[in-house]
Number of protein chains: 4
Amino acid sequence: MASPPVRTRSRLAPDERISEIMAVTRQLLSEKGYQNVVTSEVAERCGISEGTIYKYFDSKRELLARVAEEWFEEILGADENPPPGAGIRTRLRQLVWKGLSIIRQEPSLSRFVLMELRSDPTYRTMRIYELNRRFTARIGDLLQEAVSTGVFRADVSVRLLRDMIFGCIEHRTWAYLRGEGDFSVDEAADGITNVIYRGMLMPGVQDEGASPQSKTKR
Amino acid sequence: MASPPVRTRSRLAPDERISEIMAVTRQLLSEKGYQNVVTSEVAERCGISEGTIYKYFDSKRELLARVAEEWFEEILGADENPPPGAGIRTRLRQLVWKGLSIIRQEPSLSRFVLMELRSDPTYRTMRIYELNRRFTARIGDLLQEAVSTGVFRADVSVRLLRDMIFGCIEHRTWAYLRGEGDFSVDEAADGITNVIYRGMLMPGVQDEGASPQSKTKR
Amino acid sequence: MASPPVRTRSRLAPDERISEIMAVTRQLLSEKGYQNVVTSEVAERCGISEGTIYKYFDSKRELLARVAEEWFEEILGADENPPPGAGIRTRLRQLVWKGLSIIRQEPSLSRFVLMELRSDPTYRTMRIYELNRRFTARIGDLLQEAVSTGVFRADVSVRLLRDMIFGCIEHRTWAYLRGEGDFSVDEAADGITNVIYRGMLMPGVQDEGASPQSKTKR
Amino acid sequence: MASPPVRTRSRLAPDERISEIMAVTRQLLSEKGYQNVVTSEVAERCGISEGTIYKYFDSKRELLARVAEEWFEEILGADENPPPGAGIRTRLRQLVWKGLSIIRQEPSLSRFVLMELRSDPTYRTMRIYELNRRFTARIGDLLQEAVSTGVFRADVSVRLLRDMIFGCIEHRTWAYLRGEGDFSVDEAADGITNVIYRGMLMPGVQDEGASPQSKTKR
DNA sequence: CATGAATGAGTCTTCATTCAT
DNA sequence: CATGAATGAAGACTCATTCAT
């Protein structure tokens with residue numbers, strides 16, 4: 001092992017320190033999952049003492065929750081509006097694509113939010129709950145609209161459709177995470193949209209046709 | 001005097017002991033989830049000492065993994081054959097229903113396999129991996145057959161379809177676990193089958209029609 | 001520092017270990033007071049690891065409380081009955097003497113019970129509370145009897161008299177602890193009894209006269 | 001625009017700063033007791049940094065000790081002289097009343113002095129020791145005078161009488177602190193004075209009679 | 001061979017004190 | 001000179017694992 005790197009007592013502005021701690025924690029969360037993030041390792045990677053973490057965060061839980069929130073906000077912030085006058089299919093694809101790419105970009109963090117935080121008794125009171133809810137609601141609203149306007153059949157619940165979409169997104173992503181095969185956001189978005197749209201389209205309604213991929217292509 | 005009915009310090013054959021430990025662990029896993037299974041409690045419930053567990057299992061992880069394997073095998077073993085001559089839709093629904101009911105019945109164990117074990121670096125070498133693969137493969141094979149025989153379109157990958165199915169199953173189940181809404185295996189199986197089947201059915205091919213629920217019910 | 005004393009993993013029967021831990025804790029409590037008893041030192045003095053303590057006690061608090069209880073019971077157990085037909089003065093002196101000698105023998109433990117435990121929110125539910133109450137009640141009852149039978153005046157509350165007695169006992173003992181002067185249980189018992197008895201004796205009632213010291217001496 | 005009413009970073013003279021720190025600490029000590037006074041809170045309430053405290057005080061202990069000293073001095077300073085020509089009983093009651101009301105008014109501070117500081121190895125060298133001693137000495141001197149002039153008997157040591165008085169005061173106050181029953185300074189002062197005075201009065205000496213309460217009543 | 005007492009590395013958290021800026 | 005970011009040693013407590021009996 002190398003001699004310690006000068007061990008100069010680093011001194012940062014609070015904001016920078018907070019950022020650093022959160023960045024390191026995000027990374028760690030990404031690598032190991034919530035239960036396995038340990039304060040001592042956060043401190044070590046930051047090159048600070050454990051005590052310093054507690055200067056800025058009341059508890060490990062708070063730290064993790066804030067990391068998740070920040071990240072979620074970051075991602076959901078960048079929101080394109082749907083093209084005006086776009087049909088159900090186009091708008092559905094856009095949302096599915098967004099969901100896929102979110103998880104694709106930060107899969108372990110997704111997992112943390114989706115699996116760990118969501119089980120927290122106070123989850124419902126956290127800001128991240130609201131952020132999360134807002135996104136799923138957009139898909140739910142779109143599906144509801146499709147049913148209400150007679151574009152979609154009414155024989156499968158909106159609830160189940162939402163589960164199919166998010167379930168597929170999550171499943172696909174985790175498989176990717178575990179190194180199982182490749183994963184194209186565009187292809188997956190197309191596939192999901194196609195199956196759901198065609199599977200739900202009311203007989204007799206004109207199919208919008210697949211939206212040209214280029215529209216949402218990154 | 002009659003011999004005391006006292007449960008004398010049980011002296012079980014190794015196989016029985018192993019069975020008992022695994023049964024107790026399964027119960028515990030089911031109640032509390034992987035991270036919260038503690039060896040001391042396993043020992044206590046078995047009425048044995050902690051040390052004894054280590055006579056039969058190298059580590060907690062190994063114990064848990066074997067429990068999961070046994071359980072999986074048990075469940076996948078009880079396999080009704082599809083009715084001879086059944087169509088794609090009927091067979092698809094049967095498999096989806098099976099997957100849903102497995103997770104529905106033993107959600108904590110599922111979660112353990114799905115979330116914890118699957119992340120294990122050696123997961124691919126575990127027998128449970130093979131068992132798991134075998135089940136998903138059956139769905140994969142069915143879907144592949146549907147595509148090959150021209151019943152399903154070829155514009156969505158079998159892979160993605162499988163993800164939609166399993167993702168939805170898991171997603172639905174976890175939501176249920178967290179107390180979000182009710183969950184009917186039959187309704188979900190119908191919904192998933194409908195969307196996938198209708199969404200993938202090759203234009204021009206005759207729809208089998210929804211199979212009467214009674215066929216696979218319960 | 002000397003080389004570690006053979007560091008042989010000692011192995012004791014649970015009862016012995018528990019006794020040892022409690023004995024060591026009693027000693028430590030005696031030396032430093034509740035707040036300053038640290039689990040690591042208990043372990044070190046026992047020559048065991050900290051974990052072992054927690055095999056036998058759920059928490060530090062529980063350990064300390066049990067130490068106090070055991071000790072109290074030990075002391076209050078050895079209870080001489082008052083000589084039959086003894087007057088107020090004799091019986092008062094006997095109780096005062098007992099109280100003094102209890103604290104004299106184990107002053108730091110007394111202090112722990114009196115000062116720390118007594119502030120515990122759950123103190124009232126502890127067994128030690130009952131033990132303690134029983135002793136103070138005996139003095140209270142005696143004083144009440146004296147007032148009721150017209151031996152004592154009624155112009156000072158029983159409550160205050162009890163406080164004078166116990167307050168004096170505690171005060172005297174702590175001073176002693178801090179090394180302030182000597183402290184004779186007999187002399188103090190006589191003094192307290194004299195002042196209280198003479199100070200409260202109803203005018204016109206015949207003074208029993210000081211009981212000969214030899215009766216309760218040592 | 002008017003200059004902002006913003007409390008600019010206060011730039012106090014050292015003396016004022018010291019006063020402020022001590023005042024805040026006294027308040028905190030009074031609220032929470034010694035062990036629970038934390039330097040960070042002192043700093044926060046003063047609107048200064050933690051480091052600054054250490055500019056003026058070597059350690060937390062020193063700060064606390066000086067607070068106690070100042071407070072004690074303040075209290076003992078405000079001393080009414082006994083009415084000229086007052087008898088033993090009157091003067092005794094006055095002192096007892098004083099002692100009771102001191103503790104009654106500032107129980108947490110008393111407790112700190114009585115329980116924590118007094119155990120300090122260097123207690124005897126602290127100024128507070130001297131202050132404390134001076135007050136107890138006044139009672140001691142009075143009792144001594146009573147004995148020397150033949151008003152009090154000589155069969156109980158002055159030492160013990162002092163302990164009865166202070167012990168009772170402390171005991172009564174702590175019970176009150178723990179919420180056990182009410183506590184009247186006047187009643188307690190009367191009771192203590194009565195018992196001690198009557199209990200010690202030399203036979204044949206004329207009882208001064210209870211001093212009218214109004215004399216020392218607040 | 002089973003036991004179960006003991007371990008010890010590790011967990012999160014607290015706080016009086018220091019020192020570079 | 002005051003600051004306040006950082007420290008680090010200590011606190012109670014947990015639990016998978018070991019090994020002498």
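Lettering of chains follows the sequences in order, A, B, ..., and the numbering in each one begins at 1. Below, all heavy atoms of this structure are taken into account, side chains as well, without hydrogens, waters or symmetry copies.
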Between the protein and nucleotides 9-12 of chain F, which nitrogen or oxygen pairs come in under 3.5 angstrom?
residue, atom, partner, partner atom, Å
F/dA12, OP1, C/Lys60, NZ, 3.1
F/dA12, OP2, C/Thr39, N, 3.2
F/dA12, OP2, C/Thr39, OG1, 2.8

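- Partners of A/Tyr123 by ring-ring contact (aromatic ring centres under 6.0 Å, His included), not counting sequence neighbours, listed by chain and number: A/Tyr129.
- At the phosphate of F/dG8, neither OP1 nor OP2 sits under 4.0 Å from any side-chain N or O atom of A/Ser49.
- Minimum heavy-atom separation, D/Val42 to D/Ile53: CG1-CD1, 3.8 Å.
- Counting all heavy atoms, side chain and backbone alike, C/Asn36 lies closest to C/Lys32 at ND2-O, 3.1 Å.
- In this view, B/Glu62 and B/Arg66 satisfy the salt bridge (charged side-chain N to carboxylate O under 4.0 Å, His left out) rule, not counting sequence neighbours.
- Base pairing in DNA chain F yields stems of at least 3 consecutive Watson-Crick or G-U pairs, both distances under 3.5 Å, namely E:2-21 with F:2-21.
- The two residues D/Ser59 and D/Tyr54 make their nearest non-hydrogen contact at CA-CE2, 4.1 Å.
- Using a 4.0 Å cut-off, no side-chain N or O of A/Arg17 falls inside it from OP1 or OP2 of F/dA5.
- Between D/Thr52 and F/dA2 there is no side-chain polar atom (N or O) within less than 4.0 angstrom of OP1 or OP2.
- With sequence neighbours excluded, no residue forms a salt bridge (charged side-chain N to carboxylate O under 4.0 Å, His left out) with C/Lys55.
- Distance NZ (D/Lys32) to P (E/dT14): 13 Å, rounded to an integer number of Å.
- Ranked by how close their nearest DNA chain E nucleotide is to the 5' end, C/Leu12 and A/Arg61 are led by C/Leu12.
- Along DNA chain F, the nucleotide nearest C/Lys55 and the nucleotide nearest A/Ile53 are compared for position; the residue whose nucleotide lies closer to the 5' end is A/Ile53.
- Summarising the geometry of A/Arg17 relative to A/Cys46, their closest heavy-atom pair is NH2-O, 4.4 Å, with the distance given to 0.1 Å.
- Legend: residues meeting side-chain contact (heavy atoms from CB on, under 4.5 Å) with D/Ser19, ordered by chain and number and at least two apart, are absent.
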